[in-house]
Participant: 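Can you keep this structure in mind? I'll have questions shortly.
Remember, predicted model here, so these are calculated numbers, not experimental data. Below, chains carry the letters A, B, ... as their sequence lines are ordered, and counting in each starts from 1.
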Amino acid sequence: MMIQTPRGVEDILPHQISKYQWIEKKASSLFHLYGYEEIRIPTFENAELFLRSVGKETDVGKQMYIFKDKKGRNLSLRPEATASVARAYIQHRLYEKPGDWRVYYIGPMFRYERPQAGRLREFRQIGVEVLGEAAPQLDVEVIEMVCQFFKRLGLANFNVQLNSIGCKKCRPDYEKRLKEYFKRNISSLCPVCQKRYEYNVLRILDCKKESCQKVVEKAPFLKDHLCEDCKIHFEKVKMGLEDMGIKFNLDPYLVRGLDYYTRTTFEITIPSLGAQNAICGGGRYDGLVKELGGPYTPGIGFSIGVERLLIALEKDEMNFFPKNSPGVYVITLDKKSQKMGYYLVNLLRSKGIKTWMSFSGDNLSSQLRLANRKGVCWAIIIGEEEVNKEILILKDMESGKQREIEWRRLEEFSQNLNFQLKRSRDCD
RNA sequence: GUGAGCGUAGCUCAACUGGUUAGAGCUCUGGACUGUGGAUCCAGUGGUUGGGGGUUCAAGUCCCCUCGCUCACCCCA
């Protein structure tokens with residue numbers, strides 16, 4: 001049996017790469033406008049880092065790819081990037097720099113889950129993190145930036161889901177209250193939720209089982225039990241978004257499956273995507289840096305699922321992905337003409353023109369067929385006859401028309417060709 | 001981790017209730033056309049029917065196991 005990719009991981013072949021690059025370029029150029037710089041963090045870290053940040057008992061914690069290296073160190077492929085960014089921030093004492101610290105990252109994440117539409121074991125995320133700023137205006141700016149990003153990609157139908165899950169001060173109180181409430185009804189909860197009661201009561205809130213829903217309906221709302229500071233923060237975020245003209249849905253049951261979130265949490269969903277419809281998730285994590293051994297530092301961030309974003313863009317039948325740039329195929333027919341061919345290829349490339357040349361020595365027909373398949377705008381033919389006459393033949397692959405170019409006017413010709421290629425991007 | 005559906009050529013799919021040597025279209029290669037690609041026609045290459053085991057005179061077809069894909073649950077990106 002031939003060796004294939006492991007379950008849930010994929011090759012990204014050249015015809016797909018240009019789409020990824022296009023999205024990545026759009027992201028980085030937009031994020032730069034907002035003052036973000038790129039960071040590259042390791043693909044694996046000490047497992048402890050993730051276990052402490054996302055939480056051992058959370059789903060993400062359980063989905064980690066943990067392994068031991070040759071010295072028996074416990075390592076893990078990163079299931080997400082926020083913890084690493086916070087770690088880097090602390091490790092390099094970046095809190096000693098003035099102002100907030102804004103970074104973005106692009107790269108693969110790994111989670112051991114059952115693959116599904118829009119869910120892979122290795123998937124790519126584009127994300128940003130801001131450390132050192134607690135103001136609700138920042139929450140608004142961050143959400144506004146993602147929306148701006150999706151708009152710039154031409155994505156129209158997305159929804160912003162918003163919630164506040166309180167802070168270290170008010171959440172414990174609320175969880176206590178919630179526990180008291182569920183305790184009275186624990187027998188009507190599903191088995192999964194009965195376990196959740198022990199380690200994560202909040203999760204019961206978005207259980208979709210009908211029996212649980214019934215109980216949840218009458219459960220106390222978190223928004224009614226936020227402390228004064230959290231309440232004010234949340235109000236300012238909502239008002240800020242409204243001022244920016246950003247529509248959002250309040251989802252009181254939006255509970256993110258990572259332990260470190262505080263206050264604002266949000267998700268951006270696309271209705272057409274099916275079950276895995278979230279293309280972006282994020283929120284505030286004011287306690288994380290301290291939790292990881294740094295000074296108290298507020299933080300906020302989000303991450304975008306690139307594969308899901310691509311599915312959404314393709315579903316919208318958006319054919320705005322960039323085409324391959326057109327080029328030239330140089331055909332030579334014997335030893336002498338091949339020598340001239342090499343010279344010509346180098347000249348054209350030095351002018352910035354994408355150029356192929358076949359080394360196969362095939363006949364003219366098959367070389368032209370190859371040129372056709374490469375989708376080039378022009379073929380240049382040099383054979384015995386052309387060498388003797390010191391010319392080359394330039395063939396327009398679309399019209400089939402061809403003309404002779406004198407060898408001594410090559411310089412002028414290649415300049416001209418470059419100009420024409422730049423103008424006719426869609427000749428194929 | 002749970003459930004359901006599906007695995008036949010590189011791709012898309014055939015093969016009646018088990019019955020000769022598993023077919024077709026597209027792609028690919030070659031030819032018609034030895035210095036002119038795309039169109040047409042002709043020919044050819046290509047398969048351990050995902051893998052393993054079982055039932056049977058006989059298995060692509062039925063049964064079991066396994067791997068993978070797909071979708072959903074779960075959860076998220």
Participant: Looking at residues at least two apart in the chain, or sitting in another chain, which of them share a salt bridge (charged side-chain N to carboxylate O under 4.0 Å, His left out) with Glu291(A)?
Facilitator: none

Participant: Among pairs that include at least one residue of residues 327-343 of chain A, which meet salt bridge (Lys or Arg N to Asp or Glu O under 4.0 Å), considering only residues two or more places apart or in two chains?
Facilitator: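 Non-adjacent pairs meeting salt bridge (Lys or Arg N to Asp or Glu O under 4.0 Å): zero.
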
Participant: How far, in whole Å, is G53(B) from A14(B) if one measures between their P atoms?
Facilitator: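 Approximately 28 Å lies between the P atom of A14(B) and that of G53(B).
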
Participant: For nucleotides G1(B) and C26(B), find the distance between their P atoms and express it as a whole number of Å.
Facilitator: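 About 44 Å, rounded to a whole number of Å.
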
Participant: May I have the distance from Arg308(A) (atom CZ) to C76(B) (atom C1'), rounded to whole angstrom?
Facilitator: 6 Å

Participant: Write down the distance between CD (Glu80(A)) and P (A77(B)), rounded to a whole number of angstrom.
Facilitator: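 In whole Å, A77(B) P lies 8 Å from Glu80(A) CD.
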
Participant: How long is the line joining CD of Glu113(A) and C1' of G1(B), in whole Å?
Facilitator: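 These atoms are roughly 11 Å apart.
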
Participant: Please determine whether a side-chain nitrogen or oxygen atom of Arg7(A) lies at a distance below 4.0 Å from atom OP1 or OP2 of C69(B).
Facilitator: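 Yes.
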
Participant: When the nearest nucleotide of RNA chain B is assigned to Leu368(A) and to Ala278(A) on a heavy-atom basis, which residue is associated with the more 5' position?
Facilitator: Leu368(A)

Participant: Taking atom types as they are modelled, is there a donor-acceptor pair under 3.5 Å from the base of C74(B) to the side chain of Arg119(A)?
Facilitator: yes

Participant: Nucleotides 8-12 of chain B: which of its N/O atoms have a protein N/O under 3.5 Å away?
Facilitator:
none

Participant: Given C74(B), A77(B), G35(B), which nucleotide is nearest the side-chain atoms of Gln276(A)?
Facilitator: C74(B)

Participant: Taking salt bridge (charged side-chain N to carboxylate O under 4.0 Å, His left out) as the test, write out the residues that go with Lys395(A), two or more places apart.
Facilitator: none

Participant: Separation of Tyr329(A) atom OH from G38(B) atom P, in whole Å?
Facilitator: 15 Å

Participant: Could you tell me whether the side chain of Gln4(A) has a donor or acceptor atom within less than 3.5 Å of a complementary atom in the base of C69(B)?
Facilitator: no

Participant: Would you list the atom pairs, donor with acceptor, under 3.5 Å between side chains in residues 383-390 of chain A and any protein atom, with sequence neighbours excluded?
Facilitator:
residue: Glu386(A); atom: OE1; partner: Gly383(A); partner atom: N; Å: 2.7
residue: Asn388(A); atom: ND2; partner: Glu384(A); partner atom: O; Å: 3.4

Participant: Could you check whether the rings of Phe149(A) and Phe31(A) sit parallel, tilted or perpendicular, using 30° and 60° as the cut-offs?
Facilitator: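 If you compare the ring of Phe149(A) with that of Phe31(A), the planes turn out tilted.
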
Participant: Measure the distance from CZ on Phe302(A) to P on C76(B) and round it to the nearest whole Å.
Facilitator: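 About 19 Å, once rounded to whole Å.
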
Participant: When you measure from the side chain of Arg111(A), which nucleotide among G35(B), A77(B), G1(B) comes out closest?
Facilitator: A77(B)

Participant: Please evaluate residues Asp286(A) and Ile300(A) with respect to the criterion side-chain contact (heavy atoms from CB on, under 4.5 Å), reporting the C-alpha separation (whole Å), side-chain torsions for both, the decisive distance (0.1 Å), and the verdict.
Facilitator: CA-CA 7 Å; Asp286(A) 292 341; Ile300(A) 182 170; over 6 Å; no

Participant: Sugar-phosphate means primed atoms, P, OP1 and OP2; the rest is base. With that split, encode nucleotides 25-34 of chain B 5' to 3' as B, S or - using protein heavy atoms under 4.0 Å.
Facilitator: ---SSS----

Participant: Take nucleotides 39-47 of chain B nucleotide by nucleotide from the 5' end and write B, S or -, depending on whether a protein heavy atom sits under 4.0 Å from the base, only from the sugar-phosphate, or from neither.
Facilitator: ---------

Participant: Please collect all side chain to side chain donor-acceptor pair (under 3.5 Å) contacts where either partner lies in residues 25-34 of chain A, sequence neighbours excluded, each pair once.
Facilitator: His32(A)-Tyr104(A), Tyr34(A)-Glu144(A)

Participant: Please tell me if Gln116(A) has a side-chain N or O lying less than 4.0 Å from either OP1 or OP2 of A72(B).
Facilitator: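 For A72(B), OP1/OP2 do have a side-chain N/O of Gln116(A) under 4.0 Å.
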
Participant: Mind calculating the distance between CE (Met109(A)) and P (A77(B)) to the nearest angstrom?
Facilitator: 11 Å

Participant: How are the rings of Trp356(A) and Tyr329(A) set to each other: parallel, tilted or perpendicular (split at 30° and 60°)?
Facilitator: parallel

Participant: From the options C76(B), U36(B), A72(B), select the nucleotide whose nearest atom is closest to the side chain of Ala275(A).
Facilitator: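 The answer is A72(B).
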
Participant: Dot-bracket notation for RNA chain B is requested: 5' to 3', Watson-Crick or G-U wobble pairs only, both distances under 3.5 Å, with ( ), [ ], | and . as defined.
Facilitator: (((((((..((((.....[...)))).(((((.......))))).....(((((..]....))))))))))))....

Participant: Quick one: side-chain contact (heavy atoms from CB on, under 4.5 Å) partners of Glu412(A), sequence neighbours excluded?
Facilitator: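 With neighbours one apart ignored, the set is Arg409(A).
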
Participant: List the steps, then state whether ring-ring contact (aromatic ring centres under 6.0 Å, His included) holds for Trp101(A) with Tyr89(A).
Facilitator: CA-CA 9 Å; Trp101(A) 189 57; Tyr89(A) 179 78; 5.5 Å; yes

Participant: In whole angstrom, what separates Arg121(A)'s CZ from G1(B)'s P?
Facilitator: 8 Å

Participant: Ignoring hydrogens and angles, are the base of G37(B) and the side chain of Glu398(A) linked by a donor-acceptor pair under 3.5 Å?
Facilitator: no

Participant: Which pairs, with at least one residue in residues 155-164 of chain A and sequence neighbours excluded, count as a side chain to side chain donor-acceptor pair (under 3.5 Å)?
Facilitator: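 Listed by first then second residue: Gln161(A)-Thr269(A).
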
Participant: Who are the salt bridge (charged side-chain N to carboxylate O under 4.0 Å, His left out) partners of Asp259(A), not counting sequence neighbours?
Facilitator: none

Participant: Under 30°, 30 to 60°, or over 60°: which ring-plane class applies to Tyr260(A) and Tyr285(A), parallel, tilted or perpendicular?
Facilitator: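 Because their plane-to-plane angle is over 60°, the rings of Tyr260(A) and Tyr285(A) count as perpendicular.
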
Participant: Tell me: CD1 of Ile380(A) to C1' of U36(B), nearest whole Å?
Facilitator: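 Going from Ile380(A) (CD1) to U36(B) (C1'), I get 15 Å.
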
